[in-house]
Amino acid sequence: MKVVVNTNEVISKMIAEDFIEVVNKKPNAVLGLATGTSPLDVYANMAKANKEGRVSFAKCKTFNLDEYVGLEGTHNQSYRYFMNENLFNHIDIDKKNTNVLLGVGDYKKFMNEYDGMIAKAGGIDIQILGIGSDGHIAFNEPGTSFDSLTHETELTEQTIKDNSRLFNDISEVPTRAVTMGLKSIMNARKIVLIATGKNKAQAVYGLIKGPIDESMPCSILQKHPDVTVYVDEDAYSLCK
Ligand code: F6R
């Protein structure tokens, strides 16, 4: 596991360059994407590079980590909406090649097909992850099996509280989600994780220094052969 400590501005540029390098080497690369506040500047940098002609996503396929159960893709807090607004509408990707788990309708069928779809596409070449303050990656909350594939899960009180900042009221935050599993994530060839801010410090400690234990889902990443953890000083503060 490689660790890079710098400002959000610098690490967001570095991660965008990681994606650009993968796509320039393999134009039909399969990209694993995350939502949340953490990757916002990464996506802005990827869109800028695309506009400048430094990279094209026209042949790429994407798979997102997760989606809230109960939200239509048109809901402004759904992860499909987030991805369209923050990345897909600003790059030359074909939306038909973008996959975000469904949260309504026949979402369970899609969820059960998801790992197979990723495998059929050739597997994920580069996966970006954020991290929850409780150590979750995607929506794999503490206690999730390291062997998990894409599944439906219940969000912890901590995650609901953390994410309520994006809703009008905490009562509007969905309590369930569909998420790629820890094994699905570990199958990615290359993983980059971004964490900033003091509220991520405990989780980052568990990620880098903690024992590998299902009570700290991110700790499984210590076993992956190609992970780079990008953090700011605040998120890294307990590791010094
Ligand atoms: C989102 C996801 C989550 C977030 C995590 C951190 O697709 O998989 O694990 O990465 O909850 O969220 P932010 O970046 O908003 O702090």
**Prompt:** In terms of hydrophobic clustering (I, L, V, M, F, W, Y; side-chain heavy atoms under 4.5 Å; direct or indirect links), are M1 and Y236 co-clustered?
**Reply:** yes
**Request:** Would you mind checking if E67 and R80 are paired as a salt bridge, meaning a charged N to carboxylate O distance below 4.0 Å?
**Result:** no
**Item:** D162 vs S133, side-chain hydrogen bond (donor to acceptor under 3.5 Å, both in side chains): CA-CA, chis, key distance, verdict
**Value:** CA-CA 8 Å; D162 287 349; S133 63; 2.6 Å; yes
**Message:** Can you tell me if E157 has over 12 outside heavy atoms packed within less than 6.0 Å of its CD?
**Reply:** no
**Prompt:** Is K26 atom NZ crowded by more than 12 heavy atoms from other residues, nucleotides or ligands, each under 6.0 Å away?
**Reply:** yes
Is it true that [Y] and [X] share a donor-acceptor pair across their side chains at a distance under 3.5 Å?
| X | Y | value |
| --- | --- | --- |
| N163 | Y68 | yes |
| H136 | T159 | yes |
| N50 | R54 | no |
| N89 | K95 | yes |
| T144 | E214 | no |

**Asked** Taking all atoms of both residues into account, what is the closest heavy-atom pair of S184 and T150, and its distance?
**Response** OG-N, 3.5 Å
**Item:** F139 to A177 - nearest heavy-atom pair and separation
**Value:** CD1-CB, 3.4 Å
**Prompt:** Within the side chain of N140, is there an N or O that forms a donor-acceptor pair under 3.5 Å with the backbone of I137?
**Reply:** yes
**Message:** To the nearest 0.5 Å, what is the distance between OG1 on T228 and CD1 on I15?
**Reply:** 9.0 Å
**Complete:** Interatomic distance, CG@D234 vs NZ@K198, rounded to 0.5 Å, equals 4.0 Å
**Message:** Pair S219, D213 - check side-chain hydrogen bond (donor to acceptor under 3.5 Å, both in side chains), show working.
**Reply:** CA-CA 6 Å; S219 63; D213 191 274; over 6 Å; no
**Item:** Residues which pass ring-ring contact (aromatic ring centres under 6.0 Å, His included) with Y107, listed by chain and number, not counting sequence neighbours
**Value:** none
Would you give me the side-chain donor-acceptor pairs under 3.5 Å for residues 201-212, sequence neighbours excluded?
residue, atom, partner, partner atom, Å
K209, NZ, C239, O, 3.4

**Request:** List the steps and the verdict of side-chain hydrogen bond (donor to acceptor under 3.5 Å, both in side chains) for N6 and D232.
**Result:** CA-CA 5 Å; N6 213 311; D232 70 356; over 6 Å; no
**Message:** Students often mix this up, so state it plainly: with edges at 30° and 60°, are the rings of F167 and H75 parallel, tilted or perpendicular?
**Reply:** tilted
